[in-house]
Amino acid sequence: MKFAIRKVVSENGNWSYVGVDKASDFNSFTTDEYLKFFDECIELGILKAESYDSERWILVDENKTSTILFNTINFVLELKRYTIVMLRHSTNRPSTIAKELRQIIWGLKETNFLSAIACGDLAEKIRTYSTYEIGKIRRLSRFINFIGSDGYSEYLDILDGLNNNKSARLIRSLPDYDSMLRYDYYISDFYSNGPLALKKVYFPIILWWKFSSIVPMRPLEVAELPKNCVFKDGDEYFIIITRYKERRSIVDDYRTNEGKKKNDEPSRRSQTIKITKEMFELFNEYIEVYQPEEDREYFLNLKFQQKNTRSALADLLNEFNEKVIEQHYGQRSVEIDGYKNNVDEIKLPRLGDTRHLAFCSMMLQGYNPLTIMEIGGHENINSHLHYSRHMDTFASSSINQISRAMTELILNGDTHLVSAGISRKNIAKLSQLGDSYYNLPKVNGGRCTSKNVPKTCPPTECIYCEKHFLFDDDKAYLSKLQSEKNKEIKTKIDYMKHLYSEISRKSTIDRNEQIKNSANELNALVKQKALLDTYQSI
């Protein structure tokens, strides 16, 4: 189990960089250190017990106590150490920790304390569990990672598989990639060509879409961006985000000299993230061009009542979808789980969908899981793993987007392309080679300009080589390559999902390098598939 033990790396005025110091598991601390943490929790008043060896521990929240009885047959030492680490280093409240401990103890008893025999029966048991019971049994996964997964890998395989079980976790369904691409186009077109009066009203939606689909943010975090959230330091640009849900360390809260905090205050923490110059200018444009009210409480000028800023942003999005997407662009909205029957139908994204897109994008780019955890505002390294369910859709979206761009460039006769040879099929024959194209040797469904085939050929299919020109009419060959490339992409994504799952148990430099390399390989496969789709369509 990996807990984020956060520390201030550097400070400058009112902002700071926050990084991950280290991660914790059963062997992270010595016995003396665990005893020291126990005494510290007693002194802070968040734990009551006669001694470390007592069977009865009481976890104390501000207005609530929770009793835990360590009367199990096995794993008493491990459970106590888990409790100490949670109290000392996690960001959860004592009452939340107590609830999780009861669920873990229940799961241990259900599995006969993780016995090998019970493992074979667990999959069958899960089929009879209620949604609540499935939620409880999943708590075992983090406990197993804490004590060490050796000998319990089969349990982890079963429990990790519950991430894709709808009854185990209600994982959000996203709009299809075609709807996402069209929505992005409409947002961009509205930003470039929309009436100034309307853009002044709906600019918060433009910011929500363009920013939170890159940096994972909860809707409330977007709605309550600090009033002066962006700033420049030298040649670099930053944004300050108020993170919600994940709480600060209980120990840090009780160590302050200010006494106990208000109930909602520990659920917030400030995070500073580096952004691009373009994103900084987009935020500045909102202030300088559209001039929101000076006395507004937050960065976005939302009309809300009784502090319900999230609802205000949701209402603005609904209004934008109705007046801009539906009325102006002539689209008809379809339910997320419904079917599109016409070209003018679209599945509209919800506020929280961009957070999923951002996580998928970071995972497909091969970001280190600890970096994803920190940027996404998570407390536990496992928290973002279920977002990998959408990696397939995100990759399909990227292929479609690149292919459309390639096709447009080819049809417009643009030879200045990012990828070498993308438009060569049409352009080369007409302007570069002329009739000499037909004198070139035929090689693998096309013709080749190389004079030294195959001695200088790269280790890849001919179609991806800049010296190769595909036949116009060889659609069967293209279809075969498309099918093969789809399988390669699926295999690579499955492998990346496996790597992200594994790194949550044993984070190593090798694992990080494997993720980065796999992301680069996947990116190459996506571009190759986009090229095939382009050739097939023109």
Side-chain angles (χ1 to χ4, degrees), residues 1-7 18-49 51-61 65-70 72 74-108 113-114 136 138-150 152 155-156 159 246-255 266 269 369-370 373-374 378-383 385 503-507:
M1 178 178 60
K2 305 295 188 296
F3 286 112
I5 304 177
R6 296 184 173 89
K7 65 175 183 179
V18 180
V20 175
D21 187 6
K22 60 182 179 179
S24 302
D25 58 28
F26 182 82
N27 295 313
S28 292
F29 308 105
T30 65
T31 300
D32 289 340
E33 286 177 314
Y34 276 110
L35 293 174
K36 176 185 175 183
F37 295 154
F38 172 82
D39 292 336
E40 191 173 63
C41 291
I42 293 288
E43 181 180 349
L44 292 169
I46 57 177
L47 177 63
K48 292 181 179 180
S51 68
Y52 186 89
D53 297 326
S54 297
E55 183 178 285
R56 179 188 180 93
W57 286 16
I58 300 176
L59 279 61
V60 183
D61 222 326
T65 61
S66 305
T67 300
I68 300 297
L69 297 176
F70 295 102
T72 58
N74 297 319
F75 297 109
V76 173
L77 175 63
E78 291 84 351
L79 284 167
K80 287 186 174 181
R81 289 191 172 186
Y82 185 91
T83 304
I84 290 297
V85 170
M86 288 289 285
L87 286 173
R88 176 62 178 80
H89 291 310
S90 86
T91 55
N92 292 334
R93 307 299 296 178
S95 56
T96 303
I97 296 170
K99 180 180 179 181
E100 181 178 355
L101 286 168
R102 294 192 190 100
Q103 293 174 340
I104 290 172
I105 292 172
W106 176 85
L108 289 173
F113 303 98
L114 302 178
K136 290 200 296 182
R138 288 184 62 230
R139 294 292 189 180
L140 277 180
S141 180
R142 189 154 73 161
F143 179 72
I144 292 174
N145 282 313
F146 174 76
I147 64 176
S149 59
D150 293 344
Y152 305 116
Y155 273 105
L156 286 174
L159 296 171
E246 306 296 352
R247 302 179 182 272
R248 300 176 306 188
S249 168
I250 301 300
V251 173
D252 291 339
D253 286 340
Y254 278 77
R255 274 180 175 165
R269 67 179 178 91
L370 286 173
M373 178 192 75
E374 185 62 32
H378 281 146
E379 174 252 342
N380 186 272
I381 197 172
N382 295 306
S383 299
L385 293 182
I503 206 167
S504 68
R505 302 175 199 168
K506 41 186 179 182
S507 180

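Side chains included, hydrogens not; waters and symmetry mates left out as well; all remaining heavy atoms used. What you see is a predicted model, and the numbers here were worked out from it, not measured in a lab.
Distance CZ/Phe75 to CD1/Ile147: 4.5 Å, rounded to 0.5 Å. Between the CG atom of Leu114 and the CG atom of Leu140 there is a distance of 6.0 Å, given to the nearest 0.5 Å. Here the CD1-CD distance, from Ile84 to Glu40, works out to 10.0 Å after rounding to the nearest 0.5 Å. Of the inter-residue distances, the one linking Ile104 atom CD1 with Glu78 atom CD reads 12.0 Å to the nearest 0.5 angstrom.
Taking Phe37 as the reference, Phe29, His89 meet the ring pair (Phe, Tyr, Trp, His ring centres under 6.0 Å) condition, with sequence neighbours excluded. With sequence neighbours excluded, the residues satisfying side-chain hydrogen bond (donor to acceptor under 3.5 Å, both in side chains) with Ser54 are Ser51. Leu69 is linked by a side-chain contact (heavy atoms from CB on, under 4.5 Å) to Arg56, Thr67, Asn71, counting only residues two or more places apart in sequence or in another chain. With sequence neighbours excluded, the residues that form a side-chain contact (heavy atoms from CB on, under 4.5 Å) with Lys99 are Gln103. Under the ring pair (Phe, Tyr, Trp, His ring centres under 6.0 Å) criterion, Tyr52 pairs with Phe38, Trp57, not counting sequence neighbours. A search for side-chain contact (heavy atoms from CB on, under 4.5 Å) contacts involving Ser95 returns Asp61, Lys64, Ser66, Arg93, not counting sequence neighbours.
Residues Leu47 and Ile58 fail the side-chain proximity criterion, which asks for heavy atoms closer than 4.5 Å. The side-chain heavy atoms of Ile46 and Leu59, taken from C-beta on, include no pair separated by under 4.5 Å. Side-chain contact check for Ile105 versus Arg139: every heavy-atom pair is 4.5 Å or farther apart. Taking the side chain as every heavy atom from C-beta outward, Arg88 and Glu33 never approach each other to under 4.5 Å.
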* **Check against side chain to side chain contact (heavy atoms under 4.5 Å, CB included), Leu44 and Leu87** => CA-CA 11 Å; Leu44 292 169; Leu87 286 173; over 6 Å; no
* To do: Take Leu156 and Asn145 through the side chain to side chain contact (heavy atoms under 4.5 Å, CB included) test and state the conclusion after the steps.
  => CA-CA 8 Å; Leu156 286 174; Asn145 282 313; 3.9 Å; yes
* To do: Would you please test Ile97 and Ile68 for side chain to side chain contact (heavy atoms under 4.5 Å, CB included) and show each step?
  => CA-CA 10 Å; Ile97 296 170; Ile68 300 297; over 6 Å; no
* Start with the C-alpha distance between Lys80 and Tyr34, add both sets of side-chain angles, then the distance that settles side chain to side chain contact (heavy atoms under 4.5 Å, CB included), and finish with yes or no. => CA-CA 9 Å; Lys80 287 186 174 181; Tyr34 276 110; over 6 Å; no
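Results of the ring-ring contact (aromatic ring centres under 6.0 Å, His included) test with Phe143 over Phe113, Tyr155, Tyr152, Tyr82 single out Tyr82 as the only residue that passes.
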